[in-house]
Amino acid sequence: MRLALFGPPGAGKGTQAKRLARAHGLTHLSTGDLFRAAIRDQTPLGRQVEDLLQAGSLVPDDVTNDIVADRLAALGHGGFVLDGFPRTVAQAEWLLAYLAQADAPLDAVVSLQVPEEDLVQRLSRRRTDPETDAIYHLDFNPPPGDVPADRLVHRPDDQPDAIRHRLGVYHGETAPVEATLRAHTRYFEVDGTGSLDQVQERIEQAVATERGLTGI
Ligand code: AMP
């Protein structure tokens, strides 16, 4: 299964991608995670993209496409779930062409639908655990008691100014990708509100119904 999760920041792409990857043996491919790891390790890529991530701006398409190409090539024929890519029409066109030429097209794109006011609330209360990469929400998905509170990170781009900027970038540059994806892939809208289990089930049902399978 080759799947991409689509939607605004805070829609739950990362959380659901991790769950789907674990449940179905897929590789989770998050461009945001790859950039954050590069920044943490202070690689040349990390130094190049650090200010962009901090501000909530997009990394240039050629840089982003290159790291995705590297990862996809390393996967061979394995299944994957893309999270946070593609985010521009140019990235989507590149990805569709790349996968077509590899004879490995996307099976489905799932767009997570969450009202805008919920997104801001989710992002400002989001915390991540750099040791396990787990994503928490302080109210709705709180970290377990054995995770030390001082280990949790409030991402710099989850601060109010950067959140507003990221939502603007989403509406300006990422939302138009929907038309490209709809034209070339099986594209499903899934309600992204409710419990983590409910959302995962909706995604699995949407994809499975289309494929005529009982699971992903
Ligand atoms: P995310 O973890 O998906 O919210 O991504 C965090 C940040 O990484 C974004 O705000 C961008 O700065 C950068 N980023 C992630 N994915 C992409 C992408 N597909 N294109 C450009 N920049 C990206």
Side-chain angles (χ1 to χ4, degrees), residues 3-21 27-41 43 45-72 80-99 106 109-112 114 116 118-130 132-137 152-178 180-181 185 192:
L3 186 66
L5 297 186
F6 186 69
K13 301 184 299 295
T15 300
Q16 290 298 332
K18 286 185 207 308
R19 292 169 71 99
L20 293 165
T27 298
H28 175 202
L29 223 164
S30 155
T31 39
D33 283 353
L34 293 173
F35 291 136
R36 278 185 290 276
I39 293 170
R40 197 167 52 233
D41 299 341
T43 65
L45 171 69
R47 285 194 292 273
Q48 183 186 352
V49 304
E50 189 160 16
D51 290 347
L52 293 170
L53 264 84
Q54 171 103 19
S57 299
L58 294 184
V59 173
D61 290 332
D62 52 343
V63 176
T64 308
N65 294 349
D66 278 355
I67 67 164
V68 173
D70 277 357
R71 292 292 156 146
L72 289 177
F80 58 79
V81 49
L82 280 172
D83 152 20
F85 185 92
R87 249 175 162 105
T88 65
V89 171
Q91 289 177 11
E93 287 173 348
W94 174 85
L95 177 70
L96 293 168
Y98 180 94
L99 293 177
L106 285 175
V109 174
V110 172
S111 167
L112 292 174
V114 175
E116 182 111 359
D118 291 12
L119 298 175
V120 177
Q121 210 278 345
R122 286 182 180 199
L123 291 169
S124 52
R125 299 290 283 164
R126 174 161 73 179
R127 298 293 183 274
T128 49
D129 181 343
T132 62
D133 280 335
I135 303 169
Y136 299 108
H137 184 286
L152 297 176
V153 174
H154 189 189
R155 279 171 44 175
D157 58 347
D158 282 345
Q159 311 291 339
D161 280 354
I163 291 176
R164 273 189 294 276
H165 181 62
R166 288 162 68 202
L167 289 172
V169 168
Y170 174 77
H171 289 299
E173 300 194 49
T174 305
V177 175
E178 176 180 337
T180 308
L181 295 173
T185 67

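Both ligands and their constituent atoms are indexed starting at 1 by order of listing. Predicted model only: the values in this text are computed from it and were never measured.
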Undergrad: Are the charged groups of R127 and D158 less than 4.0 angstrom apart, N to O?
TA: no
Undergrad: Using a heavy-atom cut-off of under 4.0 Å, does the side chain or the backbone of S57 touch ligand 1, or both, or neither?
TA: backbone
Undergrad: Tell me the closest heavy-atom pair linking A11 and L119, and the distance in Å.
TA: N-CD2, 3.7 Å
Undergrad: For R166, take its heavy atoms, then give the atoms of ligand 1 lying under 4.0 Å from any of them.
TA: 4 (O)
Undergrad: Specify whether F6 and Y170 have parallel, tilted or perpendicular ring planes, treating 30° as the upper limit for parallel and 60° as the lower limit for perpendicular.
TA: tilted
Undergrad: Return the minimal non-hydrogen interatomic distance between L181 and A92, and the atom names on each side.
TA: CD2-CB, 4.4 Å
Undergrad: Please work out which of A55, A90, G84, P8 has its closest non-hydrogen atom nearest to atom 19 (N) of ligand 1.
TA: G84
Undergrad: Donor-acceptor check, side chain of T31 to backbone of G84, threshold 3.5 angstrom: yes or no?
TA: yes
Undergrad: What do we get for L53 next to ligand 1 when only non-hydrogen atoms under 4.0 Å count, side chain, backbone, both or neither?
TA: both
Undergrad: Identify, for atom 16 (N) of ligand 1, the protein heavy atom at the shortest distance, and state residue, atom and that distance.
TA: T31 OG1, 2.7 Å
Undergrad: In plain terms, say whether D133 and K18 are close enough for a salt bridge, that is, a side-chain N and a carboxylate O under 4.0 Å apart.
TA: no
Undergrad: For G56, is there any backbone N or O sitting under 3.5 Å from a side-chain donor or acceptor partner on R166?
TA: no
Undergrad: Number the atoms of ligand 1 from 1 as they appear, then name those within less than 4.0 Å of a heavy atom of Q91, with their elements.
TA: 18 (C), 19 (N), 20 (N), 21 (C)
Undergrad: Would you find a donor on one side and an acceptor on the other, under 3.5 Å apart, between the side chain of K13 and the backbone of S111?
TA: no
Undergrad: State the atoms of ligand 1, each with its element, that fall below the 4.0 Å cut-off from a heavy-atom position in T64.
TA: 18 (C), 19 (N), 20 (N), 21 (C)
Undergrad: Give the residue, atom name and distance (to 0.1 Å) of the protein heavy atom nearest atom 22 (N) of ligand 1.
TA: V59 N, 3.0 Å
Undergrad: Can you confirm, on distance only, whether ligand 1 has an N/O atom lying under 3.5 Å from any N/O atom belonging to R36?
TA: yes
Undergrad: Considering F35, F85, Y170 one by one, which has a heavy atom nearer to atom 14 (N) of ligand 1 than any of the others?
TA: F35
Undergrad: Number the atoms of ligand 1 from 1 as they appear, then name those within less than 4.0 Å of a heavy atom of R155, with their elements.
TA: 1 (P), 2 (O), 4 (O), 6 (C)
Undergrad: Do the side chain of Q91 and the main chain of R87 share a donor and acceptor less than 3.5 angstrom apart?
TA: yes
Undergrad: Atom 15 (C) of ligand 1: which of E50, E173, H165, R87 has the nearest heavy atom?
TA: R87
Undergrad: Heavy-atom contacts under 4.0 Å between Q54 and ligand 1: side chain, backbone, both, or neither?
TA: neither
